[in-house]
There are 2 protein chains.
Amino acid sequence: MTLWSYDHKVTQQDFLMPKDTFFNLPEDKRTLICNAAIGEFAEYSFDQASVNRIVAKSGIAKGSFYQYFENKKDLFLYLVQLIAEEKEKYISPVMRNPDQHDIFTLLREIYLSGIQFAAEHPQYAEISRKILESKGKPIYAEIMADNLPSAYVFFETLLENAIERGEVRADIDIKMFAYLIASMNALVIEYYIEYLAQKYDGKMMETIDKFLDFLKNGIGEQSGGWTSK
Amino acid sequence: MTLWSYDHKVTQQDFLMPKDTFFNLPEDKRTLICNAAIGEFAEYSFDQASVNRIVAKSGIAKGSFYQYFENKKDLFLYLVQLIAEEKEKYISPVMRNPDQHDIFTLLREIYLSGIQFAAEHPQYAEISRKILESKGKPIYAEIMADNLPSAYVFFETLLENAIERGEVRADIDIKMFAYLIASMNALVIEYYIEYLAQKYDGKMMETIDKFLDFLKNGIGEQSGGWTSK
DNA sequence: GTAGAATATGACCTTGTGGTCATATGACCA
DNA sequence: TGGTCATATGACCACAAGGTCATATTCTAC
C-alpha cells in the first residue's frame with residue numbers, strides 16, 4: 001500500500017527513521033510533536049516548513065528535536081509513512097478483490113475512499129496534495145522511491161483489463177486516460193473539500209456518482225452522435 | 001484578457017511597475033534581465049526564486065536591480081503581465097465570437113491555444129502553472145486581483161449557454177464541471193508537455209480531439225446504458 | 001548516595017535571504 | 001573645466017533557515 005496507488009504491497013522499514021530517543025518518549029509527548037509537525041507540513045511545503053516553528057509549537061527545545069530526528073527530512077518521511085498507514089485503512093473490501101468488479105465500481109470505491117480519507121483527515125490529505133504538487137523537487141523523488149509503483153501504472157492496468165472485458169471503449173489512449181483519471185482523483189477531492197463540505201456526508205456520494213456518470217457517458221446531450229474533428 | 005480566462009477585458013496599468021530606470025535601459029540589457037528572471041521563476045516558485053541568482057545570471061549588481069524594480073514582487077508582477085500579453089496573441093478568431101459556435105468547438109480552441117502556447121513558450125507556461133499551484137499564498141491573491149474574473153466563472157457561463165442550446169446534458173452540476181473543465185485544461189497541457197513532445201505538431205491535435213471526444217461521450221463502451229448508483 | 005548513561009537545552013554556527021545605502025562612474029550641459 | 005544628475009556598484013544590514021554542541025538535568029542501577 002502506498003499513498004496514491006492501491007496495490008497490496010507491504011511497506012518495508014524505511015532506511016531513515018526517527019532515533020530510539022523518539023520512540024522512548026512518553027506517548028503524549030510523541031503525539032504532541034507529531035501533531036505540531038503535521039500542522040506545519042499541512043500549512044507549508046516541505047521546503048518552507050520550519051523546524052523552528054515545529055519546536056516552538058511542540059514546546060520542546062531545538063536541541064531535543066535533533067535528539068529525536070536526524071533532520072527535517074527524517075521527520076517528514078516518518079509522517080508520510082504514518083499517513084500511508086492511515087490511508088490503508090480506507091481501502092474498501094471491494095478494492096481488495098479488484099478482479100471481481102467492473103472498472104466503474106472500482107473507480108467509485110477509489111474516489112470514495114479518497115474523499116472519505118480527505119474529509120476525515122484534512123491535514124493528511126493536504127500533506128499528500130502538497131507532495132503531489134512538489135513534483136520535480138528532490139523530496140518528491142525520495143518519497144516516491146518508498147511509494148512505488150506509481151498510481152499511473154495502476155490505472156493503466158485497470159483500463160487495460162476493463163477494455164478486455166468490454167467495459168470501456170477500445171479506442172481510447174490508455175496512457176493518457178490513466179494520467180487523467182489519476183489526476184482527476186486529486187481534482188475531485190479538492191473540489192469536494194474546497195466547495196462542498198468538510199465532513200463526510202450524503203453530498204459526497206452524489207459528487208462521486210456525478211463524476212463517474214461523466215466518466216462513463218460524457219457531458220454531451222446526444223451520446224454517440226458527436227465525433228471529434 | 002487574463003492569464004487563464006478568455007474574456008476580452010483590457011488589462012489596466014498595474015499599480016506596481018518597474019521604475020523608469022528600467023525602461024530607460026537599452027533593450028538588450030532589459031531583455032537580458034527579463035530572460036534571467038523568466039528562467040528563475042520557471043525553475044522556482046515566487047517565494048523560492050532568488051534575487052541574488054537573478055542578478056548573478058543577468059550580470060548586474062544587486063544594487064542595480066533595486067534601481068530597476070521596487071522589489072521582487074514588482075519584477076514578478078511585471079513578468080506576469082508580459083506573459084498575459086503574449087498569451088493574448090494565441091486566442092483564435094473563434095474565441096472572439098463565442099456565441100457563434102457550440103461549446104465543444106469553443107473548448108477545442110481553448111485547449112488548442114493553451115497547448116500551443118505551452119509548446120512555444122514552455123517557460124511562460126511553467127510560470128503560469130506554478131502560479132495556479134500557489135493557491136493560498138499571498139502572491140496568488142495579488143495576481144488574481146489583476147486577472148479577474150476567474151476562469152471558473154467563465155466556464156460556468158459557457159456551460160449554461162451550452163445547456164440552453166441543448167449541446168450539453170441539463171442534469172450536470174454546472175459548478176462542478178466548470179471546476180473540472182478549468183482544471184483539466186491545465187492537466188491536458190501538462191500531459192502533453194510531459195509525455196508527448198516539446199513542440200507543436202500533429203500529435204497535439206490528436207491529443208485534444210481524444211480529450212474532447214471523452215468530454216462529450218465518456219469512456220464507457222455502451223453510451224447511455226449505464227447510470228450511477 | 002553515587003556513578004554513569006540517557007535526555008534536555010538554548011546559545012551558537014554557517015548559509016542564504018530580501019533589501020539598503022554611501023559612494024563611484026560617466027554622460028550631458030554651461 | 002566644472003557642475004549636475006542619472007545610473008552602477010558591492011559592502012552591508014537584519015533576519016530566518018537548518019543544524020551543532022558543550023553543558024545541565026534527570027533517570028536508572030548498584
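Letters A, B, ... mirror the listed sequences (proteins, then strands); counts begin at 1. Bear in mind that the values here come from a model prediction, so they are computed numbers and not experimental data.
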Open item on the list: If the threshold is 4.0 Å, N to carboxylate O, is there a salt bridge linking Asp74(A) and Lys19(A)?
Closed with: no

Open item on the list: Quick check for you: to the nearest 0.5 Å, what is the distance between Ile208(A) atom CD1 and Leu215(A) atom CG?
Closed with: 12.0 Å

Open item on the list: Need to verify one output field. Residue with the more 5' nearest nucleotide on DNA chain D, Gln67(A) or Val51(A)?
Closed with: Val51(A)

Task: Residues in ring pair (Phe, Tyr, Trp, His ring centres under 6.0 Å) contact with Phe65(B), at least two apart in sequence or another chain - done: Phe69(B)

Task: Matching residue for Phe46(B) among Leu77(B), Ile131(B), Ile139(B), Ile127(B) - test: side chain to side chain contact (heavy atoms under 4.5 Å, CB included) - done: Ile139(B)

- [ ] Check every strand shown and say whether Phe69(A) touches a base, only sugar-phosphate, or nothing at a heavy-atom separation below 4.0 Å.
- [x] nothing

Open item on the list: Could you report the tightest heavy-atom contact between Glu190(B) and Tyr179(A), atom names first, then the distance?
Closed with: OE1-OH, 3.3 Å

Task: Pair Gln48(A)-Lys130(A), side-chain donor/acceptor within less than 3.5 Å - done: no

Task: N or O in side chain of Tyr66(A) less than 4.0 angstrom from dG19(D) OP1/OP2 - done: yes

- [ ] Using chain B heavy atoms and a threshold of under 4.0 Å, write down where along DNA chain C the contacts begin and end, 5' to 3'.
- [x] dT17(C) to dC21(C)

Task: Residue pairs fulfilling side chain to side chain donor-acceptor pair (under 3.5 Å) with at least one residue in residues 56-69 of chain B, sequence neighbours excluded - done: Asn52(B)-Lys62(B)

- [ ] Would you give the length of the straight line joining atom SG of Cys34(B) to atom CD of Glu27(B), rounded to the nearest 0.5 angstrom?
- [x] 10.0 Å

Task: side-chain hydrogen bond (donor to acceptor under 3.5 Å, both in side chains) partners for Arg53(A), two or more places apart - done: Glu40(A)

Open item on the list: Please give me every residue in residues 19-50 of chain A whose heavy atoms get under 4.0 Å of an atom in DNA chain C, ordered by residue number.
Closed with: Thr21(A), Asn24(A), Leu25(A), Lys29(A)

- [ ] Could you let me know what dA30(C) is paired to, Watson-Crick or G-U wobble, both distances under 3.5 Å, or none if it's on its own?
- [x] dT1(D)

Task: Closest contact, heavy atoms only, Ala36(B) versus Ile54(B) - done: CB-O, 4.0 Å

TODO: Answer yes or no: does a side-chain N or O of Asn52(A) lie under 4.0 Å from OP1 or OP2 of dA17(D)?
DONE: yes

Open item on the list: I need the Glu156(B) CD to Phe177(B) CZ distance, nearest 0.5 Å.
Closed with: 13.0 Å

Task: Close residues, residues 54-64 of chain B, relative to DNA chain C [heavy-atom separation under 4.0 Å] - done: Lys62(B), Gly63(B)

